[in-house]
Each structure stands twice: as C-alpha cells, then as structure tokens.
Chemist: 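Okay, handing you the structure first.
In what follows, every chain begins at residue 1, and chains take the letters A, B, ... in the order their sequences are listed.
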There are 2 protein chains.
Amino acid sequence: MKKRTLISDIAKHLKVSTATVSLVLNGKAKQSRISDAVAQRVRAYVDEVGYKPNQLAKSLRTGKTQVIGLVVEDISNPFFAMVAWLIEKQAFERGYRIIYCSTDNNTEKTKELISMFQERHVDGYIIVPAKGIEEDLRTILREQIPTVLFDRFLPELLTNYVVVDGAAGTSAATQHLLDEGFTNIAFVTTDSTQTQMEERLHGYARVLEEHSLLQTVKRVAETKDAAKAIADITAFIQANRQCDAIIFSTNYLGIYGLEAISRLELSIPTALGVISYDDHDLFRLYEPAITVIAQPVERIAQHVIDILLEELKPRGKVTPLSMQQVVLSPALVVRKSSLRNGTVSAAPSKKYRTG
Amino acid sequence: MKKRTLISDIAKHLKVSTATVSLVLNGKAKQSRISDAVAQRVRAYVDEVGYKPNQLAKSLRTGKTQVIGLVVEDISNPFFAMVAWLIEKQAFERGYRIIYCSTDNNTEKTKELISMFQERHVDGYIIVPAKGIEEDLRTILREQIPTVLFDRFLPELLTNYVVVDGAAGTSAATQHLLDEGFTNIAFVTTDSTQTQMEERLHGYARVLEEHSLLQTVKRVAETKDAAKAIADITAFIQANRQCDAIIFSTNYLGIYGLEAISRLELSIPTALGVISYDDHDLFRLYEPAITVIAQPVERIAQHVIDILLEELKPRGKVTPLSMQQVVLSPALVVRKSSLRNGTVSAAPSKKYRTG
DNA sequence: TCCGCTTGCAAATACGTTTTAGCAGATTTT
DNA sequence: AAAATCTGCTAAAACGTATTTGCAAGCGGA
C-alpha cells in the first residue's frame, strides 16, 4: 500500500526543484537552459523509480487531456466497430486515447454523452450525429474544439465531415440489377431522415426514374426489436410479390431481410435478387453470397483521424479552422445474389468502382 | 468565447462561500447544516446558469474518476461487443462511464493499456486478461482497486472473475454429435493456452475418451490474416477426410471454417457436421443454420457489473475484498448443421441447457 | 450574567502538476 | 570598473474543486 511517487519526491531526492523536473520531463530542458548534466540525472532517476505523472493533475493544469471522444451509433455494428478500431489504432500511435460511446441513435442519449465528454474535457470529438443535436454541436464548435463528423452530417451546420456518396452506391446497385435483367426493384430503408439514408434512397429513385420504372419503397421503423423488424420486412415482401429484387439500405436491414427471405423460402437470386449496403461476414459467406455496396472503412478512418489530428495541432491564435468535407465513393462488390443466371461471368467476384 | 462558469462564480454571485456551494451540490447540505433556504438558492442558480463542475478538478481532489476501464480482446468481435454494450448500459445508469480498449491478445499492448488506465486513475477495471499480465494485475490488486476478469482468468491469481464453463459446452456438443451418429469428430481451436480455450478442448477430449474414440485436434495459429487461417483450416479438412464433424472452439474460427468448407464444396451436415462456440448472426442465418454453444452474454455482463459495483461501494477501511468466482453454463443451441437427417425433429430449434 | 451547546456558514488547505517571472552569480561588453 | 548579458536554476502562482476546522451568533439553562 505504498504511495505513488510524486514529482516532488523526485525533486527532493535530486535536490532540485519540481520545476526543473517538470521541464526536463516535458522536453523543455533546452529552452529553459537546464544543463545537460542535471537533465540526465533527472531522466535517470525518473526511469529508475518508474515515475509516471498524474494525468489528472496534468490535464487540470494544461487544459489538455489527450483524449478524443468517439460517439458512434452502435459500437456493436460491424461497420462502426471497424471504423472505431482503425481510428483507435491511429490515435493511439500518436499519443491520443479514445473514449467510445454508443448513442443508439437516441437524441437524448447523444446529448448526454456529449455533455459527459465536455465535462471530461476531451481534446476533440468524432461524432456520428443523431438528429437534433445541432445546438450541442454549435456549442462545441463555438469553443473551437476540433470535431469531425462521419457517416452523415448535419446540413445546417458547417463542420468537418467524412461521408460516403450513398447515392452513387445505390444507383450503381440499381443499375447493376437492371443490367442483370431484374425489372421490379424494391428498396428497403429505415424511417430515419438522416442525410446518408436519404441519399441512398435518392440514388435508387433516380435510376428508376431515368428508366421510367415504378419505385417500391419500404421504410422500416427503427427499433431494437429484431423480430418486429423481420416481421415487417416479411409482410412487405409478401405484399409485393411482383418485385424480383430488393436493395437494403444498411447492413442490419440486409440481415433481417435475409432472415425474412429465408423464412418465406424464396430462393436467391432466382426468386429475388438481393443487394445490401455495407459488407459483412454474413454477406460474404452466405449461400449464395450477397452482393454489397461496400463502404471504404479504411479510408473513412484515415480521413477522420487525419483531419482531427491536423486540427489538434497547436495553431497560431487566429488561424481559422478550415472545415473540410470529404465524400468518398463506395464500391459495388458483385456476388451471386444479384446475378440472373446465378453465376459470375468472369471472376468469382468483381468490383465496380463507382463515382 | 466566454469562459466556463466556476464554482467561485456561483459563490460570488450568491454571496456565499465555495464550500457552501460544493456541499449543496454534493448532497451534503444536511450533514453540514446548510439551511434549506440557502440550499434552495444555490440549486436554483446552478440550474439557471447550467453550471457543471469540472470533473478533472473534482477527480484530482477526490481521487475518484467515476470511470471504469474495460479491456477486451477485440471490441469488433460480436461476443465482446455485446458484453461491452450491456456493461456500458448498466454502468451508465449507475453513474459510471466506461473506457473501452482492445488488446488484440497482445501482452505488451495490454500492459500499456492497463498502465494508461492507471495514469488516468480509473476507479475499477474489467479485464479480459492476455497471457503474462500477472505482474501488472498484482500491482492493481495490491492497490485495492476493484477489478473483475471475464471470459478467462489467470490461475495463479486470486481475483474476481466471471467465466463460462467451456468444458460443459464442448462436451455437450461432442455428445450431441455422437448421439446424432457422427463418429469421427474433429476439434479446431487456437494455439493459445488461455484457460477457457484449454477447457473447451478438455470437454471435447473427455467425451471422446469416454467413448474410446480417436481425437483429431487442429490448433490454428493466432493471426490477423484471415486468408491464412482459412487456408490452414482448409488444409486440415483435406488432410482429415475421415472426419465427419467439426467443432470450432470460437466464433471467428467457426466463420473461417464455414468459408473453408464452402470452398471445398462440402455440404453441411451431409458431408460434415458443424458446431461452433459462440452464437452469431451468421450462424443463425447460414444455410443450413449452424448449431452453436451459446454463451449467456446477458448474465455475464450482469455478474461482472454487479461484482464491480459492489466493490466500488465505499467500504469500511479494513473490510477485506472478498473475491468472487462465477462460472456460468453455456447453452447448446441445436440447428440443422449438426443433425444427421438434416431436420430438427420437434421444434425448429431446441435448446439444451448444460450443467 | 456567564457558560456551554447548537446552528449556519466561511477560511484555508490539499490534490499534483505546469509555467512564468525572476534571482544570483558568472561572463562579456563598454 | 561599471554595466549589460547570459546561465542555470527556483519560488510561487496557477488549474477548479472537496473537505476539515473553526468562528461567530443565537439560544437555553443555571
């Protein structure tokens, strides 16, 4: 039960002041004209006793916590888990720590989380914004705290963000289904009006309009209840037997959709062509493999962390924050589930780049 | 760019001392004989200006951060993601925040993470321990910081832990396969010697020994390279054509295994019966659905958080920590992949409780 | 009237750092 | 020889809160 060593213990033992120790430890020995001899002695003894500064005290004094708050919709969603993991890795290497939290797309919970991060004085934010948090974000931005949104953005707010061109993905998917000879394509999405979901819908709608084809759109109510969602989709499919293909606007809807299709004993792609947004183990390994619109997770993570770390660099007082908006292209990964004849012509899986 | 309001601002405005404000805010008004009138005034004004105490200063002063460090193997693994999510939810409600981190089962990274948590003065730890961190854990325990391990434990260390009876799960699975008429059962596991992995192997071995049957065990080297692991499993299956069933010791091996089996164009369960540890969307929806040994994630999370919060309660000085060891039973969820005749007799999916 | 007890609050210290201003002596410049 | 500059370090003041101790006033009892 011995006490932690403090900077004052170090100072006392070496018969120097705490200021000296602190300056050496923070690499400011040179500019503060601490002699190399003393600096060496300090470093040696610090290593010897394994002294680690108290980060709380440090943060309180400097106002910097070296912590980034990461607010995603649902950390157990493989898409977010992957992006979060990549971001964490990068940030860790550059001395930043990440605190994750899941919002479940709940406005109130998101606000609470942001408020908690504020209290903990995170140095920066990475946020997948839920609806209705414009005010909270405005507060953060006003305080000049570096912030990057991803996956979607808030149209009325000028912020950094990294998103994927959802319309390009779904229009490529729709076009691909038409090329394969499917003629009556349905689109299953959520009832949320988040920017990226609306875009995905537009991509689908645009292509069908161009071909003067009928649109069949189902909006599944957001719910934590998988069974309810599956039942909802099942009913939709039954009520729309004329449809010969479905595009799901996000990974979990795709998974629910597969379960629904499986229960209805409809065979893919013979009875129903299928494409889902987001890649996933399940889609890759399902029999038949499911064609997906894959988001470039590595590049999303890379851009997010690059923008954030750039802003975290100590800047001149008046350097304005230059907001960056990045729009990345998804890739259509064609697998059996969207092929009329059931086999991929050339390669077992070819990728189309969109955009 | 206005400054945050401080407790001193509140005090000044109300013409009371900061002590008074602090006491009221921390619910110690009564015991410090602050009059109700003053307490009301304080609360009213605090609400009005939306004052939030600086948690850093608070923590520095009290030594409590209200933060729990959660160290898992891989947050993108659905099993850990689920448990983490459940734990987070519970902790949040009781005023604690969670910091997640992934170790990738890397001893060095685990040590770094624990060290980082120490620096940040987390109030408690929840750890999925990698090998070789006994010393670091001992340090934590010596300092009486509440800690709970889960998924596995370190045999030489007396700690709280919550684990699942791995042997019960695999022996039930093995027995089930034998009952179904499979005679040559292989076991695919990792090359790690973590307690829970060894137990899972033992459960399998024990049942086969009882029946005097040959054991066929494959240890797949731990790697980040999925392709390599899949190739490894593919080779194993090809080299052991006599096997008519396989048990995978963990979810990602099961997924790799399915990919291998699919590439070899072996049909399940006709050519090969399959059971995997851990449930997963993929296993539930795969065609045929995969029988799994499901871990009781809700109960794991519940026990972990209960034990930890119990220990976090302010205790009398000398109350010794009573270490709790909880062993939960997994459930065998029988699906088509382990049934000789290809159909489940009664219900489409029945559960056996083990233990 | 004096003493002790209660009530209601404030002063002051501590938590463990970082950082600025400045001091004393040595060295150089004028 | 005095003045200016440089060198190497330290004293002390923050950062924003919690908490212990104590002080003054009021009150009842003797």
Chemist: What integer distance in Å separates B:Asp9:CG from D:dG16:P?
Modeler: 9 Å

Chemist: Between the two end axes of the helix from C:dT1-D:dA30 to C:dT30-D:dA1, each built from 5 base pairs, what angle do you get to the nearest 10°?
Modeler: 70°

Chemist: I need the CZ-P distance between B:Arg120 and C:dT17, as an integer number of Å.
Modeler: 14 Å

Chemist: Check nucleotides 22-25 of chain C for protein N or O atoms closer than 3.5 Å to its own N or O atoms and list the pairs.
Modeler:
none

Chemist: Using the test salt bridge (Lys or Arg N to Asp or Glu O under 4.0 Å), find all partners of A:Asp36 that sit at least two apart in sequence or belong to another chain.
Modeler: A:Lys30

Chemist: Do the side chains of A:Lys313 and A:Leu309 get nearer than 4.5 Å, heavy atoms only?
Modeler: no

Chemist: Could you tell me the separation between the CZ atom of B:Arg4 and the C1' atom of D:dC15, rounded to a whole number of Å?
Modeler: 13 Å

Chemist: Does anything in residues 36-56 of chain A come within less than 4.0 Å of DNA chain D? Heavy atoms only, and list the residues if so.
Modeler: A:Val38

Chemist: If you define the side chain from C-beta out and look only at heavy atoms, does anything of B:Arg138 sit under 4.5 Å from B:Glu156?
Modeler: yes

Chemist: Is any side-chain heavy atom of B:Val67 less than 4.5 Å from a side-chain heavy atom of B:Gln55?
Modeler: no

Chemist: Does some side-chain heavy atom of B:Val326 sit less than 4.5 Å from a side-chain heavy atom of B:Ile307?
Modeler: yes

Chemist: Any pair with a residue in residues 31-55 of chain A that passes ring pair (Phe, Tyr, Trp, His ring centres under 6.0 Å), sequence neighbours left out, goes on the list, sorted by first then second residue, please.
Modeler: A:His13-A:Tyr45

Chemist: To the nearest Å, give me how far apart CZ (A:Arg61) and P (D:dA12) are.
Modeler: 16 Å

Chemist: Got a sec, which pairs hit ring pair (Phe, Tyr, Trp, His ring centres under 6.0 Å) with one end in residues 58-79 of chain A, sequence neighbours left out?
Modeler: none

Chemist: Starting from C1' on D:dA18, measure out to CG on A:Leu60 and report it in whole angstrom.
Modeler: 13 Å

Chemist: For B:Lys64, is there any backbone N or O sitting under 3.5 Å from a side-chain donor or acceptor partner on B:Thr62?
Modeler: yes

Chemist: Any side-chain heavy-atom pair from A:Ile126 and A:Ile68 closer than 4.5 angstrom?
Modeler: yes

Chemist: Output the rounded distance in Å from NZ (A:Lys28) to P (C:dT17).
Modeler: 16 Å

Chemist: Which of residues 62-69 of chain A have a heavy atom under 4.0 Å from DNA chain D?
Modeler: none

Chemist: Does the B:Lys109 side chain pair with the main chain of B:Ser102, one donor and one acceptor, at a distance under 3.5 Å?
Modeler: yes

Chemist: Looking at every strand, decide which applies to B:Ser59 at a 4.0 Å heavy-atom threshold: base, sugar-phosphate, or nothing.
Modeler: nothing

Chemist: Side-chain contact, heavy-atom cut-off 4.5 Å: B:Leu113 with A:Phe92?
Modeler: yes

Chemist: Under the salt bridge (charged side-chain N to carboxylate O under 4.0 Å, His left out) rule, what pairs show up with a residue in residues 5-16 of chain A, not counting sequence neighbours?
Modeler: none

Chemist: Using the ring pair (Phe, Tyr, Trp, His ring centres under 6.0 Å) rule, collect all pairs that involve residues 119-140 of chain B, keeping only residues at least two apart or in two chains.
Modeler: none

Chemist: Applying ring pair (Phe, Tyr, Trp, His ring centres under 6.0 Å) as the test, list every pair that has at least one member in residues 127-151 of chain A; sequence neighbours left out.
Modeler: none

Chemist: Does anything in residues 73-97 of chain B pair up under salt bridge (charged side-chain N to carboxylate O under 4.0 Å, His left out), and if so which pairs, sequence neighbours excluded?
Modeler: B:Glu73-B:Arg152, B:Arg94-B:Asp306

Chemist: What integer distance in Å separates A:Leu25:CG from C:dG16:C1'?
Modeler: 13 Å

Chemist: Among residues 11-20 of chain B, which residues get a heavy atom nearer than 4.0 Å to DNA chain C?
Modeler: B:Lys15, B:Val16, B:Ser17, B:Ala19, B:Thr20

Chemist: Name the nucleic acid region contacted by A:Ser35, choosing base, sugar-phosphate or nothing; use a 4.0 angstrom heavy-atom cut-off, strictly under.
Modeler: sugar-phosphate

Chemist: Could you tell me if the side chain of A:Gln196 sits less than 4.5 Å from the side chain of A:Asp151, heavy atoms only?
Modeler: yes

Chemist: With nearest nucleotide decided by heavy atoms, which residue, B:Ala57 or B:Ile34, maps closer to the 5′ end of DNA chain C?
Modeler: B:Ile34

Chemist: Could you state the CG-P distance from A:Leu23 to D:dC9, rounded to the nearest angstrom?
Modeler: 11 Å

